[in-house]
Amino acid sequence: MSELQKVLFWIGVLYYLAINIVLYVTMAIDKKHAIKNKRRIPEKTLFLMALLGGGVGGFLAMFQKHHKTKHTSFYFVFGLTIVLHLAWIWFCMTQIIF
């Protein structure tokens, strides 16, 4: 693996770590807002963060914070985005990097 490939690999790892943390924290904030009857974070925003790669963080927040667990759309979107991003990572690792 060349130096450029190593750098790109670590950029990807850090990106996925960051976007998942951001979605997790965003869902935790939304849960607090829901409890306190404050202004909520739009579902479109949560879905967009999942599309950007935060599906794992979204699932973790769903189950650890007990938030949005009754909405099948969240299971579908978070699950689908995880599968799509895993496929993208696999493609990058097998076709582009190696």
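Starting from 1, each residue takes its place in the sequence as its number. Side chains included, hydrogens not; waters and symmetry mates left out as well; all remaining heavy atoms used.
- One finds the OG1 atom of Thr72 at 13.0 Å from the NZ atom of Lys70 (value rounded to the nearest 0.5 Å).
- Judged by distance alone, with hydrogens and angles left aside, the side-chain atoms of Tyr75 form a donor-acceptor pair with the main-chain N or O of Thr69 at under 3.5 Å.
- By the ring pair (Phe, Tyr, Trp, His ring centres under 6.0 Å) test, His71 pairs with Phe74, sequence neighbours left out.
- Here salt bridge (Lys or Arg N to Asp or Glu O under 4.0 Å) pairs that include residues 3-12, with residues two or more places apart or in two chains, are Glu3-Lys6.
- With hydrogens and angles disregarded, a donor-acceptor distance shorter than 3.5 Å links the side chain of Thr94 to the backbone of Trp90.
- With Val25 as reference, Ile21 is the one residue of Val22, Leu23, Ile21 to meet the side chain to side chain contact (heavy atoms under 4.5 Å, CB included) rule.
- Rounded to the nearest 0.5 angstrom, Leu8 CG and Ser2 OG are separated by 8.0 Å.
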Donor-acceptor list for residues 55-63 side chains, cut-off 3.5 Å, not counting sequence neighbours:
none

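- The same ILVMFWY cluster, assembled from side-chain heavy atoms under 4.5 Å apart, contains both Leu86 and Met49.
- Pairs of residues two or more places apart, or lying in two chains, that qualify as salt bridge (Lys or Arg N to Asp or Glu O under 4.0 Å) and include a residue from residues 7-30 are Asp30-Arg40.
- Linking ILVMFWY side-chain heavy atoms closer than 4.5 Å, directly or via other members, places Leu48 and Ile41 in two distinct hydrophobic clusters.
- Contact of the His33 side chain with the Ile29 side chain is registered, since non-hydrogen atoms from C-beta on lie closer than 4.5 Å.
- Proximity of a side-chain donor or acceptor of Thr81 to a complementary backbone N or O of Phe78 within less than 3.5 Å is detected.
- Contact check for Met27 versus Lys65: no side-chain heavy atoms found under the 4.5 Å cut-off.
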Side chain to side chain contact (heavy atoms under 4.5 Å, CB included) for Glu43 and Lys68? Distances and angles first, verdict last. CA-CA 10 Å; Glu43 289 184 356; Lys68 302 287 188 185; 3.3 Å; yes
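- No continuous path of hydrophobic side-chain contacts links Val13 to Tyr24 [ILVMFWY only; heavy atoms under 4.5 Å].
- For the side-chain contact (heavy atoms from CB on, under 4.5 Å) test, residues two or more places apart in sequence or in another chain that qualify with Ile89 are Tyr16, Met93.
- Although no hydrogens or angles enter the test, the distance criterion places a donor-acceptor pair under 3.5 Å between the side chain of His85 and the main chain of Leu51.
- Under the salt bridge (charged side-chain N to carboxylate O under 4.0 Å, His left out) criterion, Lys31 pairs with no residue, sequence neighbours left out.
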Which is it for Trp88 and Leu84 under the side chain to side chain contact (heavy atoms under 4.5 Å, CB included) test, yes or no, and what are the steps along the way? CA-CA 6 Å; Trp88 172 249; Leu84 291 174; over 6 Å; no
Given side chain to side chain contact (heavy atoms under 4.5 Å, CB included), test Leu4 with Phe9 step by step and report yes or no. CA-CA 8 Å; Leu4 177 60; Phe9 171 79; over 6 Å; no
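- Between Phe47 and Val77, the shortest heavy-atom contact is CD2-CG1, 3.6 Å.
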